[in-house]
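Accompanying notes for the structure given below.
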Amino acid sequence: MANELTMAVLGPGGIGGLLAGLLARAGHRVICLAGEDTADTLRTSGIQVRSGLYGDFTARVEADTVLRTPVDACLVAVKHTALDAALDRVPPGTLGDGLLVPFLNGVEHPAALRARYRPELVAPAVIRVESTRVAPGVIEHGSPFAEIDLTGDTVDRARLDAQARVLGDAGPVTRVLDDETAALWAKMSFLAPFALLTTRYRLPLGEVRTRHREELTALVEETAAVSRACGGPADPGQALARYDAFPPQTRSSMQRDAEAGRALELDAVGGALLRAAERHGVRVPVTSRLVRELAGAGS
């Protein structure tokens with residue numbers, strides 16, 4: 001492949017594993033960064049993807065516990081709860097001039113990453129997909145779509161465009177957005193109500209939007225108000241329409257984590273929303289209650 005790139009994927013789980021498999025199938029050199037047991041499995045068996053959209057396939061990848069060679073880009077696809085420890089696997093000196101592309105929930109991570117890595121290399125991304133790691137190296141992609149928004153106020157536009165082409169050619173529909181704040185808050189405005197309510201009531205989206213419609217509407221309106229205050233999009237009606245269009249069995253990743261007994265990204269989602277609301281003087285009583293109830297349930 002003439003334009004083969006070297007791509008690292010930090011956290012080959014539901015999102016990272018899907019992207020690693022697609023990029024490797026497209027002919028790129030892919031290095032997955034994970035714990036020793038997972039790395040051993042990936043070196044031996046590769047990544048198996050089961051997808052109605054992309055088909056079922058196995059892709060060969062390299063795997064290691066730490067990045068040991070410069071790469072063209074490193075996709076960061078770990079949970080916020082594991083981010084600090086996971087970043088030790090990507091030394092800034094080894095990353096070199098490679099882009100750091102975080103697929104993380106929330107809105108606060110770009111600043112933290114730019115404090116650790118060169119700011120002109122941090123290109124936040126938002127992905128819309130339902131994809132789950134069911135075993136080490138085994139990924140089930142359940143949604144009939146995979147869409148990526150790539151952004152980065154500090155990154156050269158030509159680099160963003162080139163990275164978007166690489167991701168798009170591998171499979172996911174990918175576009176570059178000029179406004180980083182708007183891109184991240186667009187995701188947050190959709191994610192926060194979805195994650196908080198499905199996790200709080202332990203119900204799929206279809207039941208949440210019917211049995212808890214009033215609460216969903218209130219939460220969407222609160223989130224939109226915070227987004228507006230932060231310079232992001234604010235269209236509660238559009239958000240509700242998107243929820244109504246999703247398959248009724250859809251569950252959030254936070255809900256899946258709660259069901260599996262894993263740590264929740266509550267601070268990265270609900271906590272960040274509350275902090276932004278406080279900074280801008282926006283009242284968010286429904287959000288505050290839900291975050292408090294979820295924090296109490298997890299304590």
Side-chain angles (χ1 to χ4, degrees), residues 15 80 101-114 122-130 143 145-155 157 160-161 163-164 167-168 172-199 205 208-209 212-246 250 252-254 265-288 290-291:
I15 301 300
H80 256 287
V101 184
F103 289 85
L104 297 171
N105 291 327
V107 294
E108 297 176 334
H109 57 276
L113 291 172
R114 287 176 179 133
V122 178
V126 169
I127 186 166
R128 289 176 290 277
V129 71
E130 185 178 9
S143 58
F145 55 84
E147 302 168 349
I148 295 173
D149 292 338
L150 185 64
T151 186
D153 291 346
T154 59
V155 184
R157 177 59 187 250
L160 292 176
D161 288 339
Q163 184 61 54
L167 292 168
V173 175
T174 306
R175 60 179 181 169
V176 176
L177 299 184
D178 292 327
D179 189 332
E180 179 179 310
T181 297
L184 294 177
W185 273 102
K187 169 69 178 290
M188 181 71 134
S189 296
F190 178 81
L191 173 66
F194 173 41
L196 295 175
L197 286 173
T198 56
T199 306
L205 179 57
V208 164
R209 68 193 181 205
H212 300 277
R213 185 75 179 192
E214 184 175 338
E215 200 168 4
L216 174 62
T217 301
L219 192 55
V220 166
E221 290 173 348
E222 289 183 2
T223 307
V226 177
S227 177
R228 183 187 302 110
C230 293
D235 188 340
Q238 183 181 64
L240 286 169
R242 287 185 63 200
Y243 293 128
D244 288 338
F246 264 63
T250 302
S252 67
S253 60
M254 185 185 290
E265 291 185 299
L266 185 59
D267 186 65
V269 179
L273 185 57
L274 293 180
R275 287 187 287 273
E278 184 176 7
R279 283 196 306 272
H280 293 279
V282 179
R283 290 190 68 255
V284 287
V286 178
T287 305
S288 298
L290 285 169
V291 171

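For reference, positions follow the sequence shown, starting with 1. All values below were derived from every heavy atom in this structure, side-chain atoms included, with hydrogens, water molecules and symmetry-related copies excluded.
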Please name the residue in the list Leu160, Leu150, Val155 that meets the side-chain contact (heavy atoms from CB on, under 4.5 Å) test with Val101.
Leu150

Can you tell me how far the [atom1] atom of [X] sits from the [atom2] atom of [Y], to the nearest 0.5 Å?
X      : Y      : atom1 : atom2 : value
Asp244 : Leu216 : CG    : CG    : 8.0 Å
Leu104 : His80  : CG    : NE2   : 4.5 Å
Leu205 : Phe246 : CG    : CZ    : 7.5 Å
Thr174 : Asp161 : OG1   : CG    : 11.5 Å
Thr154 : Arg114 : OG1   : CZ    : 3.5 Å
Leu273 : Leu196 : CG    : CG    : 7.5 Å

Test side-chain contact (heavy atoms from CB on, under 4.5 Å) on Leu274 and Glu278; report intermediate values, then the result.
CA-CA 6 Å; Leu274 293 180; Glu278 184 176 7; over 6 Å; no

How far apart are the closest heavy atoms of [X] and [Y], and which atoms are they?
X      : Y      : result
Ala268 : Met188 : O-CE, 4.0 Å
Ala183 : Thr151 : CB-CG2, 4.1 Å
Pro110 : Val107 : CD-O, 3.6 Å

Any side-chain to backbone donor/acceptor pair from Glu180 onto Asp153? Under 3.5 Å, distance only.
yes

Does Asp149 use its side chain to pair, donor to acceptor, with the backbone of Val126 at less than 3.5 Å?
no

Below 4.5 Å, heavy atoms only, C-beta onward: do [X] and [Y] meet side chain to side chain?
X      : Y      : value
Val208 : Glu215 : no
Leu197 : Arg209 : no
Pro172 : Ile127 : no
Arg275 : Asp267 : yes

Can you run down the ring pair (Phe, Tyr, Trp, His ring centres under 6.0 Å) pairs that involve residues 218-245, sequence neighbours left out, and say none if there aren't any?
Phe190-Tyr243

Exercise answer: donor-acceptor pairs, residues 222-236 side-chain atoms, under 3.5 Å, sequence neighbours excluded:
residue, atom, partner, partner atom, Å
Glu222, OE1, Val286, N, 3.4
Glu222, OE1, Thr287, N, 2.9
Glu222, OE1, Thr287, OG1, 2.7
Glu222, OE2, Val286, N, 2.9
Thr223, OG1, Leu219, O, 2.8
Ser227, OG, Pro233, O, 2.5
Asp235, OD1, Gly237, N, 3.3
Asp235, OD1, Gln238, N, 3.1

Could you walk me through whether Leu240 and Glu221 pass the side-chain contact (heavy atoms from CB on, under 4.5 Å) check?
CA-CA 10 Å; Leu240 286 169; Glu221 290 173 348; over 6 Å; no

Would you please test Asn105 and Lys187 for side-chain contact (heavy atoms from CB on, under 4.5 Å) and show each step?
CA-CA 8 Å; Asn105 291 327; Lys187 169 69 178 290; 3.3 Å; yes

